[in-house]
Structure formats: C-alpha cells, structure tokens
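Below is one structure, written out as structure tokens; the observations come after it.
Naming: A, B, ... by sequence-line order, numbering from 1 per chain. Below, all heavy atoms of this structure are taken into account, side chains as well, without hydrogens, waters or symmetry copies.
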Amino acid sequence: MSRGWFINGESMVSVKGNTGTGISSITQLGLSDGPIRVSADFRHRDINLDAFGGEIPPDVQFMLAAVNVSMGLIHVDRDVLDACLRESMGGSATIGAVARAGVVLGGGVARFAAGWHYVGLNILSPVANKPWRFYAAYLTASPMEHPLGTEKSVITVNWRCIPYALDPWGDGTGASGVPIWDHTLDS
Amino acid sequence: MGYGWQINGEAMVEVFFGDHMTPVAEALGVLASGETNPLLLQLGLSQDPIRVMPKVIHADLRADDFGPEGAPETLSYIADAEIRMTLLMYDDRVLDMCLQEAMGAGGSDQYAGGSLGSAKPMGAGLPLQYSGNHYITMGIRSPRAQLPYRFLAAYLAQRPVEIPLGTGVTAAICNWRAIPYVNLDPFANPLLNSTMDYVKSAGAIIWDREYIGDHDVEDPTNLPMNSGVVIGSGA
C-alpha cells in the first residue's frame, strides 16, 4: 500500500542568498507556529471559440505558475529575516531602506551570483523526507506582519516563488524546464 | 482534421545587416573585434504578440455598365507588410543599428541620430545584405510551429520606435515595413539600354517562411532576391 498519512514533520525553514549577502550559505531562518502553507498559483488561459459559445473554452493553454508560501515564524533568527527583507527590497544595503526603483531582482545573473536578489527558500521534511526547495523566492504582498508586545511575536511572512530564468528565450525552448520548486535542498 | 490552434511559440526577432555595419557592431561591442561576418544578430523578445500585417493594393477596373461603384475586375498591384512589436528583452545596441539603417546612415557613425540626407535610395542598387544596402533582413523565429517569417528587405518605418525612459523596464515599440526590394541601379537609364530592359515586379519577394540563417550567409547571392532575373526584358 503506497498511500498513507503524510506527515511532514518539524519544518525548519532555511534560506540561501547571493554570494554578497550574509546568507550566502544555507542558513536557518526559523520555525513556524503552525503549518507552513504552500499554495500553487497556476495560470491557464482559455481559448474561446464562438462555436463553443465564447465563454467556456474547448481547450486551455498553460501559462506558467508561481507558488505562494506563507508562514508564521515564531522561533526565528531576526538577522536572517532582515537579510531576506533586504533582498526582497531590491538588495538594499541597509535594513529598512529601499533600493532604487526599478531594480530587477534577478539582476541578469545566475542563481546566487552577485546581483541576484531572490532567495532560495528551503523547508525541511524530517519525517516525510520530502523537503521543498523553491528556487527563486521573495517576500511580497504583505511581506511581513510583526506584532510587537509583551507576548512572543509570531511574524507572518508571505513568499512568492517564480520560475526565474536568466534567458527567457531558452534557445528556443522558452520556459520549458525552468524549475519553480523541487525536493532537493540547497547546500 | 487539418485545422487546429495556431500557436507560433516564443518568437525571437533576428536581424541581418550588410557588411558596412561590421565596424559599428564592433564599436558597440556587439561583435568582438576581428570577428567575421555574417552579421546575423538576435534583436530580442516581444512583450506582446508580434503583429504581421500584409498590405495588398488593388485597383478597380470600372465599366459604366456596372455603375459608379461596382468593379467587375480588379488589378492586383504590389504589396508590402507592416510588422509591429513591443520589444521587452532586447539588445539595445542592435536596435540602435536597426535605427541607423532606417535613417540611411548605417555605418557612418557609432550611434543612430545622424541622417545621411534625404532622397537617398536605401538599397542603392545593391543586392540585399551587400555592403551599402541599408535594408535589413528581419526574421521571426517559430520554435513551436516551425514556420518562421523572413522579411528580406525591412526597415523601421514612419514612427519607427517609441522608447519610454523611466524606472520601469523599457518596452520599445517598433514599427517595421518590409518591401519587395529589387536591386535596380537608380542611375541606370533604360532608354539608353539597347535591349530596353524594364524592372518587373513579378517574383519580387516581401517575405518567405524560411529561417533567416538558413541560406549560405557567406554568400548573399543565395538569397532569393539576389538571384535570378530582377530586371527583365520589356514585352
């Protein structure tokens, strides 16, 4: 019987950034107070035809995907979180400051090269042994909600993970084969 | 079932210049110094679908019997094509070279902005892709449909580019025109030619469905427009 209960286990979140950051090697970010939510965002485009009434398509086109990952960090390394925030703000040198408007997070360079401002987001899976690695993630939407008070802070962060491609042409293959996630952790 | 969804796929725009653009390409860093031709270069990828719009000109042959508006027959005249694209991931140096050629000034300076002067024939009576011919052969790849476009004599036309400058990614709106170029010596006087040669448009090509790099790029005479008879005898 191949089916069974799927228990991920204690899900340590680790991150890795470019060679010029404080997270240039795989670094623990922290533990979540509840389940980490991984939500795929698939994009399909209807091909509408008058012969089908124009509203329900006889076929659709797949137009890539992204993944949203949300977590409430409770046992967290604030310095590591700050590094992730700085990268998501365009690679700003100082926490709280922005990079110039229009900075392209990929920087036109390969993953983890200097100038690449995405973060490799890794979630361990000690029980199920099926970890997650998101190749190019950044904090976005409501990227961080940080309650401050006498109780422990549960910092809610929202990541978006995209199929980053240095060359979208891919020598004629386009986005084919560009990874968003896999199940091998960064080292 | 012969019909189906027509999906071109990722469309890379490529351009082919004449030899006179080699020093410009080297000065701009597009070509390494000493790198030989051919000047087949990738221009870039479009933000939106690239629009290919042939334009065919017809003239009515009227007869009074058919009233003032009816036309029992039409004459098909020459045609051209417009190609519109909004380049989003592109080589701005190659785009600058295209703009130089469109202004008839290709090869005269490193950057576009100068003009060679008015009333100068773009083709200068030379075969396509020869040094001095300012037309560009422009190709649009078709990796999925495997049916590319190749516009043999194209140039950025009318309002050739619109380049927004700001903090967002610059999306360059480009308008091309492709014509059925015939390499006619503009200074030849057919009346002085004892055989009374005339230019004929039959067989002139605006576009074909070949890959831009498929011909022998070292020998532009293999281009369809550069071979065969382009000036024929009058009837």
Side-chain angles (χ1 to χ4, degrees), chain A residues 43-65 88-92 97-111 113 115-118 136 138 140 160 162-179, chain B residues 1-16 29-30 40-50 85-95 138-150 163-172 174 209-214:
Chain A
R43 298 300 170 98
H44 291 86
R45 185 178 297 170
D46 292 351
I47 308 174
N48 283 315
L49 207 54
D50 186 75
F52 263 53
E55 294 190 31
I56 299 297
D59 207 342
V60 298
Q61 287 182 283
F62 172 66
M63 293 300 189
L64 304 190
S88 299
M89 294 169 80
S92 63
V98 294
R100 65 195 310 167
V103 166
V104 181
L105 289 191
V109 297
R111 191 172 187 247
W116 190 80
H117 296 299
Y118 292 103
Y138 61 101
T140 189
R160 184 176 184 235
I162 63 158
Y164 173 71
L166 177 57
D167 178 10
W169 170 241
D171 200 24
T173 61
S176 175
V178 177
Chain B
M1 186 175 90
Y3 55 89
W5 310 114
Q6 303 304 317
I7 301 173
N8 185 72
E10 304 84 350
M12 172 63 76
V13 181
E14 292 170 306
V15 288
F16 202 116
V30 176
L40 171 57
L41 302 169
Q42 288 184 339
L43 176 54
L45 299 168
S46 178
Q47 176 181 49
D48 298 319
I50 296 170
M85 59 186 69
T86 303
L87 295 171
L88 194 63
M89 189 175 200
Y90 58 95
D91 191 330
D92 62 338
R93 303 164 300 176
V94 177
L95 181 59
M138 189 258 286
I140 302 173
R141 292 246 217 151
S142 175
R144 289 197 56 187
Q146 294 291 301
L147 201 60
Y149 274 90
R150 178 172 64 172
I163 302 177
L165 300 174
T167 56
V169 176
T170 295
C174 302
R209 306 308 295 271
E210 303 292 334
Y211 168 53
I212 189 175
D214 264 351

Working note: B/L88 + B/L45, criterion side chain to side chain contact (heavy atoms under 4.5 Å, CB included); need CA distance, chi angles, decisive distance, verdict. CA-CA 6 Å; B/L88 194 63; B/L45 299 168; over 6 Å; no

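Chain A is approached within less than 4.5 Å, heavy atom to heavy atom, by B/R141, B/P143 from residues 139-148 of chain B, ordered by number. Taking non-hydrogen atoms and a 4.5 Å limit, the residue list of residues 49-57 of chain A in contact with chain B, ordered by number, reads A/L49.
To the nearest 0.5 Å, atom CG of residue B/L43 and atom CG of residue B/L87 are 5.0 Å apart.
The side-chain heavy atoms of B/I7 and A/Q61, taken from C-beta on, include a pair separated by under 4.5 Å. Contact annotation: the side chain of A/I162 approaches that of A/Y138 to within less than 4.5 Å [non-hydrogen atoms, C-beta and beyond]. Within the 4.5 Å cutoff, the side chain of B/Q42 has no heavy atoms near those of the B/V94 side chain.
Although no hydrogens or angles enter the test, the distance criterion places no donor-acceptor pair under 3.5 Å between the side chain of B/T86 and the main chain of B/A172.
Checked against ring pair (Phe, Tyr, Trp, His ring centres under 6.0 Å), A/F62 has the following partners two or more places apart in sequence or in another chain: A/H44. With sequence neighbours excluded, the residues that form a salt bridge (charged side-chain N to carboxylate O under 4.0 Å, His left out) with B/D91 are B/R93.
Residue B/M89 touches chain A through its side chain alone, counting heavy-atom pairs closer than 4.5 Å.
Below 30°, between 30° and 60°, or above 60°: for A/Y164 and A/Y118 the angle between ring planes is between 30° and 60°, a tilted geometry.
Residues B/E10 and A/W169 come closest through the heavy atom pair O-CZ3, 3.2 Å.
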